[in-house]
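Below is one structure, written out as structure tokens; the observations come after it.
The figures here come from the full heavy-atom set of this structure, side chains too, leaving out hydrogens, waters and symmetry mates. Lettering follows sequence order; numbering is per chain, from 1.
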Protein chains: 2
Amino acid sequence: MLSQSTFPTVLRQLLRTHQAFLSYAARHVHPLDLTLPQYDVIITLGNTPGMQPKKLGEETLITKGTLTGVVSRLEDKGLVERLASKKDGRSQIIRLTEAGQAIYERTFPEHLVFINRLFDDYTPEEVSRLEADLVRLHRAVVTARGDDVEEPAHEFQE
Amino acid sequence: MLSQSTFPTVLRQLLRTHQAFLSYAARHVHPLDLTLPQYDVIITLGNTPGMQPKKLGEETLITKGTLTGVVSRLEDKGLVERLASKKDGRSQIIRLTEAGQAIYERTFPEHLVFINRLFDDYTPEEVSRLEADLVRLHRAVVTARGDDVEEPAHEFQE
DNA sequence: AAGTAATTGTTCTAATTAGAATTATATAAT
DNA sequence: ATTATATAATTCTAATTAGAACAATTACTT
């Protein structure tokens, strides 16, 4: 078996599953005239007093350069608003407007039903195990990423 | 904890792990002056006589509209070439040029080492189980999506 | 054979993406 | 305090992304 010369199928399957899930979730979100990242921001802000872009990006896995644009489009739609922080001149609070909160309350319960349908045939233990396995792989990736510094760059200090 | 009102953490973890893996893989690919999708095309075409864009897209999970651009950029770099099919006027064959094949041969072995490092702490059984669990979830998504039976049970090994 | 339907690939668009450079502000060090 | 460093968010760029519309070609139906 020449599995040594092929790309690990487990990783290909990770990509495939990820992609399939996104296209599934989009079915529920696109009819709301929202993109997936936009809806992700809304459900992350739902039932919160708002949060800084930095934290919002960490929660949604959207990098900051991207987040600026996503939030701006939601602002244009009147679904979120940016408030300047008084404590920190660099910082903001992003929160849902009333219209944004209304969308959240109206759609999120059914979104959860829609998503959880995927696990109809799973026992809670099976879901937990899958999650634990994904956490383990994630940890392996982060570890490898941190350990894999070919050029430590210790010699060149500015 | 109001876990009923929160997004399933197993899916969030799927997205997180996927993202971490891509950024890890990019470390090895970007120094080659290639994007991840571009490199994916190259390793998919490696050691093959070439293939149609349709199949190439299925293998790499790149949708056709995107694939046109990815292939064009690789063509500009002289790494792949498009050949018109004589049997089917709509169709093409995309294959590596000599330069593309050279990059493949020079980099893919070390790329595999780089990637397989993620599973250093896994037993083969653990990898198989994770893959099977991902296949199961993928199947659940496709089933829920409802557009089943587009792909015959031809799940060949890559 | 003629007309209809399906397939292949390109083009077009709006949005996302990561990464780098930039601006503005805050914190730390001396 | 003054300088240096770190952080927060925006801006900029090239590429990818999905989806829709399109042109060209092939396959099917009658």
With ring centroids as reference points, do B:Phe21 and A:His138 lie under 6.0 angstrom apart?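 So the answer is no for these two rings.
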
Protein-nucleotides 8-12 of chain C N/O pairs closer than 3.5 Å?
from, atom 1, to, atom 2, distance (Å)
C:dT8, OP2, B:Lys54, NZ, 3.4
C:dG9, OP1, B:Ser91, OG, 3.2
C:dG9, OP1, B:Gln92, N, 3.1
C:dG9, OP2, B:Lys54, N, 3.1
C:dG9, O3', B:Gln92, NE2, 3.3
C:dG9, O6, B:Lys64, NZ, 3.4
C:dT10, OP1, B:Arg82, NH1, 2.7
C:dT10, OP1, B:Gln92, NE2, 3.2
C:dT10, OP2, B:Thr68, OG1, 2.9

Classify the ring geometry of A:Phe114 against A:Tyr24: parallel below 30°, tilted from 30° to 60°, perpendicular beyond 60°.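 Aromatic pair A:Phe114/A:Tyr24 classed parallel.
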
For A:His30, check ring-ring contact (aromatic ring centres under 6.0 Å, His included) against everything at least two apart and list the hits.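 For A:His30 there are no ring-ring contact (aromatic ring centres under 6.0 Å, His included) partners, ignoring immediate neighbours.
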
Results of salt bridge (charged side-chain N to carboxylate O under 4.0 Å, His left out) for A:Arg117 - residues two or more places apart only: none

Any ion pair linking B:Arg12 and A:Asp40 (charged N to carboxylate O, less than 4.0 Å)? yes

Going by an N to O cut-off under 4.0 Å, is there a salt bridge joining A:Asp133 and B:Arg129? yes

Counterpart residues, side-chain hydrogen bond (donor to acceptor under 3.5 Å, both in side chains), relative to B:Asp88 (two or more places apart):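 Once residues adjacent in sequence are excluded, the partners of B:Asp88 under the side-chain hydrogen bond (donor to acceptor under 3.5 Å, both in side chains) criterion are B:Arg90.
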
Where along residues 13-23 of chain B does a heavy atom fall under 4.0 Å from DNA chain C? B:Gln19

Within residues 29-38 of chain B, those residues having any heavy atom closer than 4.0 Å to DNA chain C are none

Rounded distance in Å - [atom1] ([X]) to [atom2] ([N]):
{"X": "A:Asp40", "N": "C:dA15", "atom1": "CG", "atom2": "C1'", "answer": "15 Å"}
{"X": "A:Ile62", "N": "C:dG19", "atom1": "CD1", "atom2": "C1'", "answer": "16 Å"}
{"X": "B:Lys87", "N": "D:dA27", "atom1": "NZ", "atom2": "P", "answer": "11 Å"}

Find out whether the Lys NZ or Arg CZ of A:Arg136 is both under 6.0 angstrom from the six-membered ring centre of B:Tyr122 and within 45° of the ring's axis.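 A:Arg136 over B:Tyr122 ring: yes.
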
Phosphate oxygens OP1/OP2 of C:dA18: is one of them under 4.0 Å from a side-chain N or O of A:Thr63? yes

According to a hydrophobic-cluster definition based on side-chain heavy atoms being under 4.5 Å apart (Ile, Leu, Val, Met, Phe, Trp, Tyr only), do A:Ile93 and A:Leu56 belong together? no

Is there a path from A:Leu83 to A:Leu45 through hydrophobic residues (I, L, V, M, F, W, Y) whose side chains come within less than 4.5 Å of each other?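 No, no single cluster joins them.
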
Does the side chain of B:Leu74 come within less than 4.5 Å of B:Leu34's, by heavy atoms?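 Touching, per the 4.5 Å side-chain cut-off.
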
Quick check: on DNA chain C, is the nucleotide nearest A:Lys86 upstream (toward 5') of the one nearest A:Lys77, or the reverse? Name the residue that is more 5'.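 Its nucleotide being nearer the 5' end, the pick is A:Lys77.
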
